[in-house]
Amino acid sequence: MPIALSVVIIAKNEQGRIKDCLESVYGWADDIVVLDDESTDNTRAIAAGYTDKIFIRHMELEGKHRNFAASKVKNDWIMILDCDERLTDELKNEIFAALKSGDPKIAAYWAGQINYMGDVPLNHGGWSNPHIRLYNKNHVKWSEADYDVIHPGLKFAEGYRGGNMKAKTIHYSFRNVEDFIAKINRYSTLEATKWYLDGRKMPLGKAIWRTVDRVWRRFITKKGYKDGYYGFVAAVLSGFHEFAAYSKYREIKEKGYYINRSVIARSEATKQSL
């Protein structure tokens, strides 16, 4: 019998991966919501084989997008999955136990990940850091600040807190090196935009330090070398993300590249009203 849990999957042109994601939760959770960011492939057609709760919405801010999805679920507890993630039986069992007899003051749970580059697991290098996986919509909301264009924050109701789970999800993060670089290009633009909009100071020296530090921590401190050559590749590309974000941040300040001017106007208006 399915458990009383809503699974939210946010998708955009994921026809090659959404089926396996849905398979990992279908029949286990009693509510599946797919929020589609205007896909132009067969993503929605594939999802329709697993749920009739498919909503189409352009994602402008991730926090608003996730809160919209939360408004469409039927249960209080929401499980978050991306199309490149798979739920394991171990995590299913741990979630079931938490929903049945967990601490009533815990309103969200974080779980680690087993990340892959192609078919190579990145077991070291800090790639398994916990991500939010489960939360109660009555006590937790996503930030909708204009500067939260990537990795939005969470707002907890007073008296509630987060907890951690031991089991992990499977995360097919990067199909290959080309996909890794493409994601760096996309996410570094969003990171630079966030730095600019929240008024962060990022001098060149700090950017260089962040770049070198990221490579060192990934490969040496967090033992990415144990993952062999691809552990080294992942560490170097992770460091390059930092320098790419800085370079784009500088272009935003000097040339106005990448930025939607209406977003800047809203952000500045918000700051002036505080």
Looking at the rings of Tyr249 and Tyr196, which for Trp means the six-membered one, are their centres under 6.0 Å apart? no
Could you give me the CA-CA distance, side-chain angles and deciding distance for Arg133 and Thr169, then say whether side-chain contact (heavy atoms from CB on, under 4.5 Å) is met? CA-CA 9 Å; Arg133 192 56 59 196; Thr169 56; 3.6 Å; yes
Please evaluate residues Ser128 and Ile114 with respect to the criterion side-chain contact (heavy atoms from CB on, under 4.5 Å), reporting the C-alpha separation (whole Å), side-chain torsions for both, the decisive distance (0.1 Å), and the verdict. CA-CA 6 Å; Ser128 61; Ile114 302 173; over 6 Å; no
If every non-hydrogen atom of Ala145 is compared with every non-hydrogen atom of Leu61, which pair is closest and at what distance? O-CD1, 3.8 Å
Taking all atoms of both residues into account, what is the closest heavy-atom pair of Ile54 and Arg44, and its distance? CD1-O, 3.7 Å
Indicate whether any N or O donor in one side chain lies under 3.5 Å from an N or O acceptor in the other, for Asn136 and Asp76. no
Just so I know, are the side chains of Phe55 and Val34 near enough to count as touching, which here means a heavy-atom distance under 4.5 Å? no
Glu178 backbone acceptor or donor facing Lys183 side chain under 3.5 Å: no
Find the distance between CE (Met79) and CD1 (Ile9) and round it off to the nearest 0.5 Å. 9.5 Å
Charged N to carboxylate O below 4.0 Å: is that the case for Asp103 and Lys105? no
Is there a donor-acceptor contact under 3.5 Å from the side chain of Lys226 to the main chain of Leu122? no
Take Leu81 and Val25 through the test side-chain contact (heavy atoms from CB on, under 4.5 Å) and record every step on the way to the result. CA-CA 10 Å; Leu81 276 182; Val25 295; 3.6 Å; yes
Can you tell me how far apart OG (Ser188) and OH (Tyr258) are? Round to the nearest 0.5 Å. 8.0 Å
Main-chain N/O of Ala11 paired to Glu14 side chain as donor or acceptor, under 3.5 Å: no
Could you walk me through whether Glu85 and Gln113 satisfy the side-chain contact (heavy atoms from CB on, under 4.5 Å) test, starting with their C-alpha distance in whole Å, then the side-chain angles of each, then the deciding distance to 0.1 Å, before giving a yes or no? CA-CA 9 Å; Glu85 295 174 325; Gln113 303 179 104; 2.9 Å; yes
Check whether any side-chain heavy atom of Asp31 lies under 4.5 Å from a side-chain heavy atom of Lys53, and answer yes or no. yes
Verify, without hydrogens or angle tests, whether Thr189 (side chain) and Asn185 (backbone) share a donor-acceptor contact under 3.5 angstrom. yes
Check whether any side-chain heavy atom of Lys223 sits under 4.5 Å from a side-chain heavy atom of Tyr225, and report yes or no. yes
How about Tyr109 and Tyr135: are their ring centres within less than 6.0 Å of each other? no
With heavy-atom distances below 4.5 Å as the criterion, would you say the side chains of Asn176 and Met117 are in contact? no
Taking the side chain from Thr51 and the backbone from Ile32, do they hold a donor-acceptor pair closer than 3.5 Å? yes
Would you please classify the geometry between the Phe180 ring and the Phe174 ring as parallel, tilted or perpendicular, with 30° and 60° separating the classes? parallel
Any donor and acceptor pair, going by atom type alone, linking the side chain of Ser39 with main-chain N or O of Asn13 inside 3.5 Å? yes
Rounded to the nearest 0.5 Å, what separates atom CG in Leu87 from atom CD1 in Ile95? 5.0 Å
Within the supplied structure, the quantity of interest is the number of heavy atoms (other residues, nucleotides, ligands) at a distance under 6.0 Å from His139 NE2; does it exceed 12? yes
Backbone N/O of Asn123 and side chain of Asp227: donor-acceptor pair under 3.5 Å: yes
Closest non-hydrogen contact found for Leu237 with Ile184 is O-CD1, 3.1 Å
Among the clusters formed by ILVMFWY side chains lying less than 4.5 Å apart, do Leu5 and Ile80 turn up in the same one? no
Decide whether Ile10 and Val7 are clustered together by the hydrophobic rule: side chain heavy atoms of Ile, Leu, Val, Met, Phe, Trp, Tyr closer than 4.5 Å, transitively. no
Looking at side-chain heavy atoms only, is the closest gap between Tyr160 and Val140 below 4.5 Å? no
Parallel, tilted or perpendicular, as decided by the 30° and 60° cut-offs, for the rings of Tyr172 and Tyr116: tilted
For the pair Asp36 and Arg57, find out whether any cationic side-chain nitrogen is under 4.0 Å from an anionic carboxylate oxygen. no
Shared hydrophobic cluster, Leu190 / Leu197 (ILVMFWY, side-chain heavy atoms < 4.5 Å): yes
Salt bridge flag under 4.0 Å for residues Glu242 and Arg214: yes
State whether the side chain of Arg17 and the backbone N or O of Asp84 hold a donor-acceptor pair below 3.5 Å, judged by distance alone. no
The reported gap from CZ in Arg66 to CE in Met59 (rounded to nearest 0.5 angstrom) is 7.5 Å
Between Ser143 (side chain only) and Pro152 (backbone N and O only), is there a donor and an acceptor less than 3.5 Å apart? no
Smallest separation among heavy atoms of Leu99 and Ala4, with atom names: CD1-O, 4.3 Å
Looking only at non-hydrogen atoms, find the nearest pair between Asn42 and Gln15 and report the distance. N-OE1, 3.0 Å
If hydrophobic clusters are built from ILVMFWY residues whose side chains come within less than 4.5 Å, do Ile150 and Leu154 share one? no
same_hphob_cluster(Tyr187, Ile181) at 4.5 Å side-chain heavy-atom cutoff: no
Please examine the side chains of Glu144 and Asn67, heavy atoms only from C-beta on, and report whether any two atoms are closer than 4.5 Å. yes
Would you check if Asn75 and Asp30 make a side-chain contact, meaning some heavy-atom pair closer than 4.5 Å? yes
Grab the two heavy atoms, one from Met165 and one from Leu91, that are nearest each other, plus how far apart they are. SD-CD1, 3.7 Å
Distance from Arg218 atom CZ to Asp213 atom CG, nearest 0.5 Å? 10.5 Å
Do NZ/NE/NH1/NH2 and the carboxylate oxygens of Glu251 and Lys255 come within less than 4.0 Å? no
Can you establish whether the number of heavy atoms outside Phe156 located under 6.0 Å from its atom CZ is more than 12? yes
Look at the side chain of Glu94 and the backbone N and O of Ala167, then say whether any donor-acceptor pair between them is shorter than 3.5 Å. yes
Is it the case that over 12 heavy atoms from other parts of the model lie below 6.0 angstrom from the CZ atom of Arg217? yes
Assess whether atom CZ of Phe68 is packed by more than 12 heavy atoms of other residues, nucleotides or ligands within 6.0 Å. yes
Calculate, to the nearest 0.5 Å, the distance between atoms CH2 and NZ belonging to Trp127 and Lys222 respectively. 10.0 Å
Please examine the side chains of Val177 and Val233, heavy atoms only from C-beta on, and report whether any two atoms are closer than 4.5 Å. yes
Is Tyr230 atom OH crowded by more than 12 heavy atoms from other residues, nucleotides or ligands, each under 6.0 Å away? no
Determine the sole option in Lys206, Met202, Arg210 for which the side chain to side chain contact (heavy atoms under 4.5 Å, CB included) test with Tyr246 is passed. Met202
